[in-house]
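These notes are about the structure you will find just below.
Convention: sequence-line order gives letters A, B, ...; per-chain numbering from 1. Bear in mind that the values here come from a model prediction, so they are computed numbers and not experimental data.
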2 protein chains.
Amino acid sequence: MAKQNTVFKDAYNRCLKLLADTSSLPSEPELGQMLGVSRTTVRAILSRFEELQLIAWDKRKKSVLRQPRPDDYFPTEETDSLAEIIERSFMRRILAGGAEPGMQINELELAREIGTGTTSVREFLIRFSRFGLIEKRPNSHWILKGFTREFALELTEVREMFELRSAARFVSLPDDHSAWAELTQIEALHREILADIDSRYREFSELDEKFHLLVHKASSNRFIVDFYDIIAIVFHYHYQWNKTNARERNARALEEHLAYIEALRSHDPGKAEQACRRHLQSARETLLQSIP
Amino acid sequence: MAKQNTVFKDAYNRCLKLLADTSSLPSEPELGQMLGVSRTTVRAILSRFEELQLIAWDKRKKSVLRQPRPDDYFPTEETDSLAEIIERSFMRRILAGGAEPGMQINELELAREIGTGTTSVREFLIRFSRFGLIEKRPNSHWILKGFTREFALELTEVREMFELRSAARFVSLPDDHSAWAELTQIEALHREILADIDSRYREFSELDEKFHLLVHKASSNRFIVDFYDIIAIVFHYHYQWNKTNARERNARALEEHLAYIEALRSHDPGKAEQACRRHLQSARETLLQSIP
DNA sequence: AATCTGTCTATTGTAGATAAAAGACAGATG
DNA sequence: CATCTGTCTTTTATCTACAATAGACAGATT
């Protein structure tokens, strides 16, 4: 096995959904555009559709023959890229407990455990090292620095610097900047979720990421925007395995976000700073509380 | 060739220097400690010494038979690790001109050009990507974002935030903290170089890195300290291929450093901030001037 | 009793190979 | 004549293999 064909399988599944809505498919380049893959992959998908008698394919004509059935789809486990699998598996190990700071990380062992080659694990660890949770001893093992209190404090310190600066930039964005429209959308979503908080509070995590990323992007600084990756990944996995009081916590955060959004809208740097500080403070407390 | 034996060659060369000063070598573990390598490598070095009749080796006795000759050393080109070679080669391409922003980076081509396997190039690019100069299109090529004016501005913006905060921490470090002693050493070195600036101005680059790293370390924040890597690498290579007015520029920076150091010593946050700002401002200008 | 050496095993760094995916180009098509 | 398809080439993602290096353990030495 040289390369996993997850790109094919994932695009195939998405294409199957498109197929459900029309009687004929567009041109190959157009499909490639829609699915975010090359024509080579599009053609592989179309070939498979033809084999399974989903479409009749003759050059430019791709007419739908039948609706897709549930078993036409590839199982979702097979559509995750190797990098995603490794990431999830690794994050589970270090965030869901059982991993003490100072522990050694063994590439070979990890690879065996995940059922993959060492190269992919190695590349993952290199990419992951920028998050400050692991460190390499050259010619030797990696060391787990651990998701500790210090880590959380260092992370939030930088986050606060960056987000305060980004918020300050945000308020002075020109009125026709696309960020304002996005902010409106995000605000609406906040209100929707808040109105039905009991059943929809789980959607907060994703919305939180979207909102803060939007704020960070106002900085127009690649280092600030890139740093948000670290925050996002930590919060993402952290919340996934730490669900105490999720409902109340999320409700409170949503309210804070709304106040923060209003402050941004006011174009008043002072108000924005205040609202930003208030929210970051409680985000910090939440994070710290959940560390043993 | 599976692995380059550069660790061996480099440690061998360094051990040869040790050998020049004594009549017998210490124990294997001790040598390993001194050279920063494992006993396996130490034993490989000793075996080679024995072969070349540099020492007589019988268990714990390693008596020097003759002084090393220049041709006993491995050529320095052979002691650089592959990662260093790739880094240098790559940085030359992108900083020493000829590389337009937006250009595609081809792993295979780079590997062929450097004369190495694709794996190493790939891992280098992944590690390097955190510097914000390149970006990956998944399943496709890398894109060179280039050492542009925007890059420099974004870099210095973050640098200034981080260094101001670090300097503020520095002044409140307790008197018995080791940083003060290091600061004294660094200050002395500044005066030495300044006293003989015409012939020693080239030493500034290394000293500059040491000094700012010391300041950043006072933050006790891994993200701030790690970020300094980016600054260091940019300045390092940048100055290496950009030597206009190096003497005057370095002299001026040394003076600014001395003022900055004095301000840190005063334990006065206000003074420190002012001196820090002044130096960062001129560092920024210098960097910007040298971008086309 | 502590440290060292001899020997052996495990892991990392790197090359090379290969399937998947991207992409280039010429001729076909509307 | 602009866009599409068929075909072919190139590049990336990933696996496997292997030398260099690290590291473990038992017996030897001071």
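When ring centroids are compared, B:Y12 and B:F49 come within the 6.0 Å threshold. Between B:F151 and B:F131, the ring centre distance reaches or exceeds 6.0 Å.
A salt bridge is absent between B:R48 and B:E50: the closest approach of a Lys/Arg side-chain nitrogen to an acidic carboxylate oxygen does not fall below 4.0 angstrom. Under the 4.0 Å criterion applied to side-chain N and carboxylate O atoms, A:R130 and A:D226 are not assigned as salt-bridge partners.
Using a 4.0 Å cut-off, no side-chain N or O of A:S140 falls inside it from OP1 or OP2 of D:dT21. The shortest distance between the side-chain N/O atoms of B:S27 and the OP1/OP2 oxygens of C:dC4 is below 4.0 Å. At least one side-chain nitrogen or oxygen of A:N106 sits closer than 4.0 Å to the OP1 or OP2 atom of C:dT11.
Interface residues of residues 42-50 of chain B facing DNA chain C, ordered by number: B:R43; criterion, heavy-atom separation under 4.0 Å.
Straight-line distance from the CD atom of B:E107 to the P atom of D:dT10: 17 Å, rounded to whole Å. Residue A:W142 contributes atom CH2, which lies 12 Å from atom C1' of C:dT12 at whole-angstrom precision. Put simply, CG on B:L82 is 15 Å from C1' on D:dT21, counting in whole angstrom units. Taking atom CG on A:L31 and atom P on D:dT3, their separation rounds to 17 Å, with Å as the unit. A straight line from CD of B:E84 to P of C:dT14 spans 11 Å, rounded to a whole angstrom. Rounded to an integer number of Å, the gap from CD of B:E109 to C1' of D:dT11 is 11 Å. We find that CD of B:E28 is positioned 9 Å from C1' of C:dG6, with the value rounded to whole Å. When rounded to the nearest whole Å, the span between CZ of A:R112 and P of C:dT11 equals 6 Å.
For the pair A:T79/A:T6, no side-chain contact is recorded, criterion being any heavy-atom separation below 4.5 Å from C-beta on. A:V158 is not listed as a side-chain neighbour of A:I230, based on a closest heavy-atom distance of 4.5 Å or more.
Side-chain atoms of A:T40 and base atoms of C:dA22 include a donor and an acceptor less than 3.5 Å apart.
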* To do: Start with the C-alpha gap between A:E87 and A:Y237, add the side-chain angles, then the distance that decides, and say whether side-chain hydrogen bond (donor to acceptor under 3.5 Å, both in side chains) holds.
  => CA-CA 10 Å; A:E87 180 187 296; A:Y237 284 105; 2.5 Å; yes
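Nearest nucleotide to the side chain of B:T41, out of D:dT12, C:dG13, D:dA22: D:dA22. The side chain of B:H141 sits closest to C:dG23 out of D:dA22, C:dA15, C:dG23. Taking only side-chain atoms of B:R122, from C-beta outward, the nucleotide of C:dA21, D:dT12, D:dT5 with the closest atom is D:dT12. Among the nucleotides D:dT11, D:dT14, D:dG23, the one closest to the side chain of B:L108 is D:dT11.
The heavy-atom pair separating B:I55 from B:K62 by the smallest distance is CD1-CB, 4.4 Å.
Separating the CZ atom in A:R159 from the CZ atom in B:F223 is a distance of 12.5 Å, to the nearest 0.5 Å.
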Look for any protein N or O under 3.5 Å of an N or O in nucleotides 26-30 of chain D and output each such pair with its distance, or none.
unit_1 : atom_1 : unit_2 : atom_2 : d
D:dT29 : OP1    : B:K59  : NZ     : 3.4

Collect all protein-nucleotide pairs involving nucleotides 17-20 of chain D in which both atoms are nitrogen or oxygen and the distance is under 3.5 Å.
unit_1 : atom_1 : unit_2 : atom_2 : d
D:dA20 : O3'    : B:Q4   : O      : 3.3

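Listed for the B:T41 side chain is no donor-acceptor partner under 3.5 Å among the backbone atoms of B:V37. Remark: side-chain polar atoms of A:W142 are not paired, donor with acceptor, to backbone N or O of A:L144 under 3.5 angstrom. Side-chain N or O atoms of B:R93 include none that pairs as donor or acceptor with a backbone N or O of B:A99 at under 3.5 Å.
By the neighbour-count criterion of 12 heavy atoms within 6.0 Å, atom CD of A:E206 is sparsely surrounded, having that number or fewer from other residues, nucleotides or ligands.
For the pair B:R127 and B:K62, nearest-nucleotide mapping onto DNA chain C gives the more 5' position to B:K62. Residue A:R39 is the one, among A:R39 and B:R39, whose nearest nucleotide of DNA chain D lies closer to the 5' end (criterion: closest heavy atom).
At the heavy-atom level, A:S81 lies nowhere under 4.0 Å from the strands shown. B:K9 comes within 4.0 angstrom of no nucleic acid atom, judged by non-hydrogen atoms across all strands.
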